[in-house]
4 protein chains.
Amino acid sequence: MDKVLGRPRDDAAGPALLSAARRLVSERGYQRVSIQNLLDEAGVGRQTLYRRWPSKAELVLDAFLDSAGRIPAVTEGPILEVLTRFLTHLFANLNEDGPALRSLMASAQEDAKFLASFRERFLQPRAKIVKSFLEQAVKRRELNENFDVDTASDMIHGAFWYRMLLGRPLDAAFATKLTTAVLKVTE
Amino acid sequence: MDKVLGRPRDDAAGPALLSAARRLVSERGYQRVSIQNLLDEAGVGRQTLYRRWPSKAELVLDAFLDSAGRIPAVTEGPILEVLTRFLTHLFANLNEDGPALRSLMASAQEDAKFLASFRERFLQPRAKIVKSFLEQAVKRRELNENFDVDTASDMIHGAFWYRMLLGRPLDAAFATKLTTAVLKVTE
Amino acid sequence: MDKVLGRPRDDAAGPALLSAARRLVSERGYQRVSIQNLLDEAGVGRQTLYRRWPSKAELVLDAFLDSAGRIPAVTEGPILEVLTRFLTHLFANLNEDGPALRSLMASAQEDAKFLASFRERFLQPRAKIVKSFLEQAVKRRELNENFDVDTASDMIHGAFWYRMLLGRPLDAAFATKLTTAVLKVTE
Amino acid sequence: MDKVLGRPRDDAAGPALLSAARRLVSERGYQRVSIQNLLDEAGVGRQTLYRRWPSKAELVLDAFLDSAGRIPAVTEGPILEVLTRFLTHLFANLNEDGPALRSLMASAQEDAKFLASFRERFLQPRAKIVKSFLEQAVKRRELNENFDVDTASDMIHGAFWYRMLLGRPLDAAFATKLTTAVLKVTE
DNA sequence: TGTTAAGCGAGACGGTACGTCGGGTCTTGAG
DNA sequence: CTCAAGACCCGACGTACCGTCTCGCTTAACA
């Protein structure tokens, strides 16, 4: 099974492209990195990239996919603390990756296929974490059973993306204000 | 004192470009409209555009600037109604202009100067309307005096931009949910 | 050696451009043919032209390089006849290619590098033919051994270019007058 | 008659443009001087130029018209001397004006109307001088009565233009060689 | 003295061409 | 079948000129 004819794929090529993407996009910004730049940096041929990703956007998405992904999703403690801690860590990571994420969101606006990828692979997983926090809090009666988890999630992610896209700072203070405001809803 | 040397600019050229931009971008989408398309549609020379706007993005921003700007900012009635009414109208207008606005937000992510324009000329004026609603409600004790107007505004605009950028629907139902959630804060 | 990395150049593209250049320049004249016209006619991309030639002038030079090059350089017979026959054929060919050659000479006046190309690749080879005729005639004592071959060549080519650049006719009659005058020098 | 309504033309504007043309074209070369450069240099409006000349080429032609025009057409002495003296002076003047004249000849190749001007106003007058030398020499039996004045003139001017257009030197030595060769014809 | 009309500098106008750049596809020979 | 290399077609971009036009002002001759 799994007959593999011909020369096997170079296992190093993919990672080389991912790290090239991370490095160059962090340095210069998404738009100012051309595909040729990535190929040169990774020492890789053109087709080798297109064999693995359909576009620059998808490659860069993969390169930054684990951004803010290693956030310790500690569930213990009151929901206010849990959420604030999560957002604080999230925001801290954005100092580095924020610019790339903004560019990815921008690319998604002109390419429906990429928007779908971006939602499914990046945004929804992060939304689910927040929703699960809230759902657990509802379950253990910390939040009212009528609490609108979906809208709350939209408001949290919306507010943070909105500020990020506008180039406004995201810090611990804002994390606190945000969670406080969202959770007050059920007070 | 406002020296007016040389042939005066053609008063019709600017509007012609603006309406060309509005028309073409609405039809085909921002990315699929080239500068040449705009020139042809407006019947105008290349320099005439570059004399007035530094980029396609700035022109299109101007073209869609009054989008959702004619929304009846009626202040009367309870804040919940006022805000819901405002957002419902706003969302209704976005069926037409939404795609263009998404493209403008995207352009702003790769061009700091344009982001500044976009914030000052488009986003902030709209944010001010919402904030003034909330401030008036605070003043007349409809909302608690500790109500965090700024964060509430970020959550409202954030949630709506977030949904729009993700291609999710913006309708009256969401307007209601959103205002309800935000205002519950002071209950 | 002669490393051949990457996709080889399309052997058809160059000839397609050359024949497009020949066809269009002959029809409309050099100035009225844009680079885009050539690309469209040849069914070729922009870079494909710029990869092969640095300018329109160089391409057109190549296209007309063999113009008047297939002239039967028959050496037999008295020098007067040889030269007259050569010039008559040369002039006959210029009905078609004259306009292009005039444009090339014009282009050469504003571009030193192109002038060098034009001299080396077009003018000097043609000058050599005439000089060799005269040198052979000197060698076989048909012309005086003091005969100034270089100046004679300048006068012949000068007279013909001068008339051509001035839009005056070049016919068999002029060929005869010219050779007669030049050769009388040693009578 | 000659009713002159309206503001009279500024007598200084024409000369200002002529001298601007002379100065700039001598410095940078014809092609690298734009019409705007000429206007700026002359401190003159666009329409003021176009009211006087139909094109840059015509203006520059006027600017360099008297080039080599002040050559002392001394008729005395043997034709060889007369002609050599004339050409030597002519060539001496070309060190300065040669580049401009080459550009004018180039412009004439793409513009039939300008070619006519250039012939009539520049080339023919100079050709006439040479022809009159030769005709006088024929009249006084210094040259054979069958001497082909027209062809000789073409060869002289042709040879000198040819060398000039090819960027080859024009000096007293060449003047001598040229006249010697041409006049040998009747020996 | 006031009117008329052309000239003036300035600069905007519609066009056209240019050379560069980037994107995604295709095609070599080598591995 | 993959690899690096690099050619292919396409099309957008911003710049630079060109020759025409239009503004408010100036300069005379005419009324």
Side-chain angles (χ1 to χ4, degrees), chain A residues 3-13 31-37 39-40 42-57, chain B residues 3-13 31-40 42-52 54-56, chain C residues 3-13 31-37 39-40 42-52 54-56, chain D residues 3-13 31-37 39-40 42-56:
Chain A
K3 244 197 283 190
V4 194
L5 286 185
R7 174 173 176 172
R9 289 202 176 183
D10 182 351
D11 287 340
Q31 201 80 277
R32 272 174 293 282
V33 175
S34 72
I35 288 186
Q36 191 60 57
N37 294 149
L39 303 179
D40 293 347
V44 137
R46 219 173 177 72
Q47 211 53 22
T48 300
L49 189 159
Y50 282 106
R51 210 173 281 122
R52 289 165 172 76
W53 290 277
S55 67
K56 182 172 72 162
Chain B
K3 256 190 275 189
V4 220
L5 286 184
R7 176 174 176 173
R9 295 197 176 179
D10 183 349
D11 286 340
Q31 201 81 277
R32 271 174 294 281
V33 175
S34 73
I35 288 186
Q36 189 60 56
N37 294 150
L38 294 169
L39 303 179
D40 294 346
V44 138
R46 218 168 183 67
Q47 258 345 81
T48 299
L49 188 158
Y50 282 108
R51 211 174 280 123
R52 289 166 171 74
S55 66
K56 186 172 68 161
Chain C
K3 258 190 274 189
V4 222
L5 285 183
R7 177 175 176 174
R9 294 196 177 178
D10 183 349
D11 285 340
Q31 202 79 277
R32 271 174 294 281
V33 174
S34 73
I35 287 185
Q36 189 61 57
N37 294 149
L39 304 179
D40 294 347
V44 138
R46 221 173 183 65
Q47 268 330 92
T48 300
L49 189 158
Y50 282 109
R51 211 173 279 123
R52 288 166 172 75
S55 67
K56 186 172 67 161
Chain D
K3 245 197 282 192
V4 192
L5 285 185
R7 175 174 176 174
R9 291 197 176 183
D10 182 350
D11 286 341
Q31 201 81 277
R32 273 173 293 280
V33 175
S34 73
I35 287 187
Q36 191 60 57
N37 294 149
L39 303 179
D40 294 347
V44 138
R46 220 172 177 68
Q47 211 55 18
T48 300
L49 187 159
Y50 282 105
R51 210 173 282 122
R52 289 165 172 75
W53 290 278
S55 68
K56 183 172 71 159

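All chains are named by letter (A, B, ...) in the order of the sequence lines, taking the proteins before the strands, and each is independently numbered beginning at 1.
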Please classify the nucleic acid contact of Arg32(B) as base, sugar-phosphate, or nothing, using heavy-atom distances under 4.0 Å. nothing

For atom CZ of Arg51(A) and atom C1' of dA4(F), their distance in whole Å: 10 Å

Could you tell me the separation between the CD atom of Gln31(B) and the P atom of dG22(E), rounded to a whole number of Å? 15 Å

Quick check for you: to the nearest 0.5 Å, what is the distance between Asn37(C) atom CG and Arg32(C) atom CZ? 11.5 Å

Is any N or O donor-acceptor pair between the side chain of Arg7(D) and the base of dC8(E) shorter than 3.5 Å? no

Per nearest nucleotide of DNA chain E, the residue lying toward the 5' end, Ala13(B) or Ser34(C), is Ala13(B)

If you assign each of Val33(A) and Gly6(D) to its closest nucleotide in DNA chain E, which residue comes earlier from the 5' end? Gly6(D)

What nucleotide, of dG6(F), dG24(E), dC3(F), holds the atom closest to the side chain of Tyr50(A)? dG24(E)

Atom-pair distance (CG on Leu38(B); P on dA12(F)), nearest Å: 11 Å

So for Arg9(A) and dT2(F), does any side-chain atom that can act as donor or acceptor lie under 3.5 Å from a complementary atom in the base? no

Separation of dT2(F) atom C1' from Asp11(A) atom CG, nearest Å, is 12 Å

Can you check the Arg52(D) CZ to dG19(F) P distance for me, whole Å? 17 Å

Taking the side chain as every heavy atom from C-beta outward, state whether Leu49(B) and Ile35(B) have any atom pair closer than 4.5 Å. yes

Within the 4.0 Å heavy-atom criterion, would you say Leu39(C) contacts the bases, only the backbone, or no part of the nucleic acid? nothing

Any donor-acceptor pair under 3.5 Å linking the side chain of Lys56(B) with the backbone of Leu38(B)? no

Of the candidate nucleotides dT25(E), dA12(E), dC18(E), which contains the atom at the shortest distance from the side chain of Arg46(A)? dT25(E)

How many whole angstroms separate atom CG of Leu49(B) from atom C1' of dC13(F)? 12 Å

Within this structure, what is the CG-to-C1' distance between Asn37(A) and dC21(E), rounded to whole angstrom? 11 Å

So which nucleotide from dA7(F), dC23(F), dT15(F) ends up closest to the side chain of Pro8(B)? dC23(F)

Answer yes or no: side-chain N or O of Gln47(A) and base N or O of dC3(F) forming a donor-acceptor pair under 3.5 Å. no

With respect to the side chain of Thr48(B), which nucleotide from dC18(F), dC13(E), dC30(F) is positioned closest? dC13(E)

Whole angstrom value for the distance that separates P of dG14(E) from CD1 of Ile35(B): 15 Å

Asp10(B) has a side chain; which of dA6(E), dC13(E), dA5(F) sits nearest to it? dC13(E)

